[in-house]
> 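There's a structure below that I have some questions on.
No hydrogens, no waters, no symmetry mates; every other heavy atom, side chains included, goes into these values. Each residue takes its place number in the sequence, starting with 1.
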Amino acid sequence: MRIYPITKLLTMAAAFAVVTSVHAQEQSVYSVNIVGFQKVELADQSQFSLMSVPFDIGDGTLGDIFGTNTLYGSASPGLADRLRFWDTAEQVYVNVGVGPDGKFYRQTSGGGWVSPLEEVNFEVELGEGFWIVSSGEAGSDRDVILAGDVIADESFSYNFFTGFHVLAFPFSAPIDLQDTSFASSGASASSAPGAADRVRVWDRDEQAYVNYGLGPDGNWYLQTSAGAWVSPLELADHTLQPGEAFFYFAQESFTWTEPNPYLDIFSAD
């Protein structure tokens, strides 16, 4: 894939290093052998970040993922950093806030603590995305440092059904949206923008979605905020970064199967 112009060099060095850009600010994924880390910027106070976990980190629980990161906790549910997970089956959010002890507690849909307090420690699945809503009292220029094992699975499969899904590219690497396997896996493509599968990525700086739809030729095209094709037609040029998540709307059920784009690095002599 064209996202790996330095694959040969990496193989010779028995290392994995990809320089990426997240929201116009340089970020990096480094790995010696199969261990890597990624810095993900959080949005400013009271703003939203849509993120994912691009590594195997312990058991994949919230405590494992954020154990070395200091999220902003508060006894007041409205002043804590909050995490929002999309329940695909119910098409609703599950809300979690950070308490003053740094642990995670379930919140109601209205943003209060569930009573009595309910501590949670969810496992974040491979390929799952979620929101972090920054506290109104937290400082600016905050980062989450994600560190763990580079994903070494040969492939990834996910069963779509009609509706919204919050997902991420399930490997420890960037990939151009056009290079993903959605189209070849059976995603709905159409000349009618409302009948095509759609991807919505989150611009953290603008706090707004950027919308794409799958055209009849199997390519992704830019859509307006109202869901129409941009005129004249404009090919999507977005690169999905490690630690970035996105909304996907599936018109019909299908199974997305994505091959590991750097598997040859692990199998190289």
Side-chain angles (χ1 to χ4, degrees), residues 3 16 18 20-23 25 27-31 35-43 47-69 71 81-88 93-96 104 121-134 142-153 155-160 164-177 179-182 199-205 207 209-210 212 238-250 256-262:
I3 59 174
F16 173 38
V18 181
T20 69
S21 177
V22 178
H23 303 296
Q25 295 197 14
Q27 306 290 339
S28 297
V29 175
Y30 300 99
S31 177
V35 178
F37 76 87
Q38 174 76 12
K39 182 172 71 173
V40 178
E41 286 188 52
L42 296 182
Q47 294 187 346
F48 292 74
S49 307
L50 186 54
M51 65 170 290
S52 64
V53 181
F55 304 114
D56 281 327
I57 304 177
D59 292 327
T61 64
L62 297 179
D64 287 333
I65 295 165
F66 295 104
T68 58
N69 294 280
L71 296 181
D81 278 342
R82 289 171 287 157
L83 283 67
R84 307 184 72 196
F85 295 87
W86 183 248
D87 184 327
T88 304
Y93 282 109
V94 175
N95 302 297
V96 176
F104 298 91
N121 194 25
F122 297 138
E123 180 181 348
V124 179
E125 300 290 341
L126 178 64
E128 181 179 6
F130 55 93
W131 294 98
I132 292 185
V133 186
S134 294
R142 295 191 301 153
D143 302 315
V144 168
I145 305 297
L146 303 173
D149 292 335
V150 169
I151 307 299
D153 296 349
S155 64
F156 168 87
S157 292
Y158 178 87
N159 295 319
F160 278 99
F164 285 102
H165 305 252
V166 184
L167 300 171
F169 184 62
F171 296 105
S172 313
I175 189 170
D176 193 301
L177 179 60
D179 289 338
T180 60
S181 297
F182 291 119
V199 166
R200 305 174 74 188
V201 301
W202 182 248
D203 186 320
R204 182 187 58 81
D205 293 327
Q207 292 289 286
Y209 289 108
V210 181
Y212 304 103
H238 186 78
T239 298
L240 299 169
Q241 302 291 349
E244 177 186 10
F246 54 90
F247 267 90
Y248 190 104
F249 182 81
W256 172 35
T257 300
E258 194 72 49
N260 187 321
Y262 48 79

> Atom CZ of F171 and atom OG of S155: how far apart are they, to the nearest 0.5 Å?
6.5 Å
> Sequence neighbours left out, what passes side chain to side chain donor-acceptor pair (under 3.5 Å) with T88? Give chain and number order.
none
> Just so I know, are the side chains of L42 and L71 near enough to count as touching, which here means a heavy-atom distance under 4.5 Å?
yes
> Rounded to the nearest 0.5 Å, how far does CG of L240 lie from CD1 of I175?
7.5 Å
> Measuring from atom OG1 of T239 to atom CG of D179, what distance do you get when rounded to the nearest 0.5 angstrom?
8.5 Å
> Would you say that V53 contacts F130 through its side chain, given a criterion of any heavy-atom pair below 4.5 Å between the two side chains?
yes
> So, do V166 and L50 sit near enough that their side-chain heavy atoms are less than 4.5 Å apart?
yes
> Shortest non-hydrogen contact from P259 to T257?
CD-O, 4.0 Å
> Assign the ring pair F104 / F66 to parallel, tilted or perpendicular, where the plane angle (0 to 90°) is split at 30° and 60°.
tilted
> Would you please classify the geometry between the Y209 ring and the W202 ring as parallel, tilted or perpendicular, with 30° and 60° separating the classes?
perpendicular
> How long is the straight-line distance from CZ of F55 back to OG of S52, given to the nearest 0.5 Å?
10.0 Å
> Heavy-atom distance under 4.5 Å between the side chains of V94 and F122, does that happen here?
yes
> Quick check for you: to the nearest 0.5 Å, what is the distance between Q38 atom CD and D143 atom CG?
10.5 Å
> Taking side chain as C-beta onward, heavy atoms only, is I151 less than 4.5 Å from F156?
no
> Flag the pair L177 / V201 as yes when at least one side-chain heavy-atom distance between them is below 4.5 Å, and no otherwise.
no
> List the steps and the verdict of side chain to side chain contact (heavy atoms under 4.5 Å, CB included) for R142 and D81.
CA-CA 12 Å; R142 295 191 301 153; D81 278 342; 2.8 Å; yes
> Counting only heavy atoms not in N121, do more than 12 sit closer than 6.0 Å to its CG atom?
yes
> Let me confirm one number: the CZ-OG distance from R204 to S49, rounded to the nearest 0.5 Å.
6.0 Å
> Taking the six-membered ring for Trp, are F246 and H238 ring centroids under 6.0 Å apart?
no
> Strictly by modelled atom types, are S134 and Q47 linked by a side-chain donor-acceptor pair under 3.5 Å?
no
> Any donor and acceptor pair, going by atom type alone, linking the side chain of Q207 with main-chain N or O of F48 inside 3.5 Å?
yes
> Output all residues satisfying side chain to side chain donor-acceptor pair (under 3.5 Å) with W131, sequence neighbours left out; order by chain, then residue number.
Y93
> Under a 4.5 Å cut-off applied to non-hydrogen side-chain atoms, are F249 and R200 in contact?
no
> Please test E258 against T180 for side chain to side chain contact (heavy atoms under 4.5 Å, CB included), starting from the C-alpha separation and ending with a verdict.
CA-CA 7 Å; E258 194 72 49; T180 60; 3.9 Å; yes
> Has the side chain of S172 got a donor or acceptor atom that lies under 3.5 Å from a matching backbone atom of P54?
yes
> Which residues pass the salt bridge (Lys or Arg N to Asp or Glu O under 4.0 Å) test with R84, sequence neighbours left out?
none
> Within a strict 4.5 Å, meaning less than it, do heavy atoms of the L62 and F85 side chains meet?
yes
> Among Y212, Y248, Y158, F169, find the residue that satisfies the ring pair (Phe, Tyr, Trp, His ring centres under 6.0 Å) test when tested with F182.
Y248
